[in-house]
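To keep things clear, I will list the structure first and then write my remarks on it.
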Amino acid sequence: MSKLDHALYEIHHMDTLADKDQWLNRIHPLVKLIVTVSYIAVTVSFHKYSLAGLLRMGVYPAALFILGDLSFTDTLKRLRIVLPLVCFIGLFNPFFDRQPVTILGMFTVTAGMISMVTLMLKGIFSVLAAYLLIASTSIEKICSALRMIHIPSILVTQILLTYRYISLLLEEAGRITDAYSLRAPKQKGVHFKVWGSLAGQLLLRSMDRAEAVYQSMTLRGYRGEFYHGGNTRISKKDTAYLLVWSCLFAALKLI
Amino acid sequence: MSHIHISLEHVNYSYDTSHSVLKDITFTAREHDAIGLIGANGAGKSTLLKLLVGLNLNYEGSIRIEDIPVEKNTLPVIREKTGYVFQDSDSQLFLSTVKEDVAFAPRNYGLSEDEVNRRVEHALANIHIEHLRDRQIYKLSGGEKKMVSIATILSMIPDIILMDEPSIALDPKNRRRLIHILNQFEHLKIIASHDLDMILDTCSRVILLSNGEIIRDGNTVDILSDKELLEAHGLELPLCMQGFSQISH
Ligand SMILES: Nc1ncnc2c1ncn2[C@@H]1O[C@H](COP(=O)(O)OP(=O)(O)OP(=O)(O)O)[C@@H](O)[C@H]1O
Ligand SMILES: [Mg+2]
């Protein structure tokens with residue numbers, strides 16, 4: 001698979017995950033959104049030395065991996081670019097904060113080391129929580145949830161269409177490079193002399209495509225408001241889900 | 001006499017000022033007409049269809065759909081009556097699953113979710129693609145996408161159907177189904193196609209375009225059996241008619 005195909009495959013793979021008919025996927029999108037946001041808020045609010053407390057917050061992603069029947073190794077592979085970046089942030093703490101805290105055998109643990117680990121964990125947990133939301137909720141549903149909390153329609157439609165246009169752009173780029181490589185079989189990659197015109201082509205074509213998609217939407221009655229079907233009511237099960245998690249987060253934060 | 005649904009008078013259109021794509025187009029279409037729009041590549045078929053739903057607006061002359069002039073502020077009303085199938089299905093479909101995409105138009109028209117579901121089921125059943133309902137669109141084949149595109153406008157229950165090359169990419173069986181659906185649809189339909197055999201099976205009237213002008217507007221069989229006329233404008237006899245001439249050779 002070429003890099004482009006691979007990128008497309010990844011996007012579509014997320015769609016497939018979000019489309020599974022499963023207990024977690026069926027929870028109301030607004031509830032999942034609120035739980036995710038509050039989880040991230042609670043997680044980042046932990047004090048920089050409270051490692052034990054923070055570790056307990058790992059319960060939520062762990063539970064969701066099980067509930068959502070998602071593969072943990074797959075996730076790590078998919079997040080392999082983001083996670084190291086997130087971890088990088090805390091890397092210098094041990095150098096600034098050399099106050100010893102405890103001694104484990106030969107090894108002196110400094111406060112900086114602890115704050116490094118908590119900072120990394122905060123990042124990892126937040127990224128995982130966001131990933132779990134996306135992997136169990138389609139972009140249409142997330143957008144409908146955003147509308148329910150009265151995020152302006154223009155903004156929500158932007159998000160939705162950006163997501164769709166990314167695939168269009170990648171598909172278009174894939175077609176162009178395929179067509180190129182079929183007629184230039186001996187080259188590795190694209191010769192730099194045609195980069196300019198290929199990029200131009202890509203821009204024009206994706207603008208055309210975006211325009212056509214927009215036309216197709218207006219032809220079928222789109223007037224700036226995206227209606228997502230499905231149940232908009234919050235069921236007892238959803239309320240229970242919300243209550244259980246928010247109580248748990250509160251408890252984990254307070255003990 | 002059934003009432004007039006589409007009327008064009010002296011319509012001129014050009015994408016850029018240098019050369020005009022449509023020249024002095026005048027015709028009317030009535031409620032139960034089935035019109036085949038034929039012409040060589042670049043004759044202006046797609047452009048004409050796009051004018052009818054207001055995708056191209058800066059035209060000269062007058063275009064009226066059910067007596068409403070096609071203008072920027074009348075587009076919502078006109079488009080609610082009209083189902084338009086793009087030449088290229090990738091432009092038509094943009095949501096993740098088939099069901100979502102077919103439900104898009106009914107939802108926009110404010111129908112209840114029950115009614116939306118009924119419409120979706122009906123549209124899919126009508127062209128025998130219920131099995132595609134929960135499939136993701138990017139995984140469909142070209143022909144399957146075409147069938148889904150057709151379903152997306154059937155769910156609108158339109159008064160007018162406009163189709164740009166609908167039979168392209170379809171296998172013989174699906175092409176048969178399409179012909180069947182088109183024949184079932186009693187209201188006005190205009191079909192632009194190079195598949196003259198399909199036009200012969202579905203349309204009673206043909207408009208022949210060449211270089212943006214209407215060359216002939218009349219009975220399907222008369223025009224499609226006129227070998228000289230067709231060849232003069234870059235077309236050939238429908239396959240079913242070519243058979244006869246070869247046998248007589
Ligand atoms: N977006 C555009 N900008 C400029 N010119 C265009 C555009 N689209 C079409 N044209 C020109 O308008 C003319 C008519 O195009 P149109 O797409 O209507 O042809 P068509 O009859 O549908 O052909 P085909 O059978 O190939 O689909 C062509 O000469 C084409 O070059
Ligand atoms: Mg065309």
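A, B, ... follow the sequence lines: proteins, then strands. Residue 1 opens every chain. Please read all numbers here as calculations on a predicted model, not as lab measurements.
In this structure, the separation between CE on B:M156 and CG on A:L219 is 7.5 Å, given to the nearest 0.5 Å. Once rounded to the nearest 0.5 Å, the distance linking OG of B:S91 with OH of A:Y214 reads 15.5 Å. Note that the CG atom of B:D101 and the OG atom of A:S216 stand 7.0 Å from one another [nearest 0.5 Å].
Within the 4.5 angstrom heavy-atom criterion, atoms from both the backbone and the side chain of A:T218 approach chain B. Contacts between B:T97 and chain A at a heavy-atom distance below 4.5 Å involve the side chain alone, from C-beta outward. Contact of B:D114 with chain A is not made at all, since no heavy-atom distance falls under 4.5 Å. For a residue to count as touching a neighbouring chain, one of its non-hydrogen atoms must lie under 4.5 Å from one of that chain's; by this rule B:L95 touches chain A with backbone and side chain alike. When heavy atoms are compared at a cutoff of 4.5 Å, A:E140 approaches chain B solely by way of its side chain, counted from C-beta outward.
The neighbour count for B:H187 NE2, taken as heavy atoms of other residues, nucleotides or ligands under 6.0 Å away, is above 12. In the displayed structure, B:N211 atom CG is contacted under 6.0 Å by at most 12 heavy atoms of other residues, nucleotides or ligands. Summarising the local packing, NE2 of A:H150 is surrounded by 12 or fewer heavy atoms from other residues, nucleotides or ligands at distances under 6.0 Å. Around NE2 of B:H122, the count of heavy atoms belonging to other residues, nucleotides or ligands within 6.0 Å does not exceed 12. Counting non-hydrogen atoms of neighbouring residues, nucleotides and ligands closer than 6.0 angstrom, the CD1 atom of A:I149 exceeds 12 such neighbours. For CD of B:Q184, the number of neighbouring non-hydrogen atoms (other residues, nucleotides, ligands) closer than 6.0 Å is greater than 12. The number of heavy-atom neighbours closer than 6.0 Å to CG of B:N58, taken from other residues, nucleotides and ligands shown, is 12 or below.
For the pair B:F86 and A:Q215, the minimum side-chain heavy-atom distance is below 4.5 Å. Counting only heavy atoms from C-beta outward, the side chains of B:F94 and A:L161 never approach each other to under 4.5 Å.
Listed for the B:N108 side chain is a donor-acceptor partner under 3.5 Å among the backbone atoms of A:R220.
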Derivation of the side-chain contact (heavy atoms from CB on, under 4.5 Å) call for B:D88 and A:R209:
CA-CA 10 Å; B:D88 168 16; A:R209 184 45 66 85; 2.9 Å; yes

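Among B:T152, B:D134, B:V53, the residue with the largest count of heavy-atom pairs under 4.5 Å with chain A is B:T152.
In plain terms, the two heavy atoms of A:R223 and B:Y109 that are nearest each other are NH2-CE2, 4.2 Å. Among all heavy-atom pairs drawn from A:V213 and B:D90, the shortest one is CG2-O, 4.4 Å.
For B:Q136 and A:T16, the side-chain atoms include at least one donor-acceptor pair closer than 3.5 Å.
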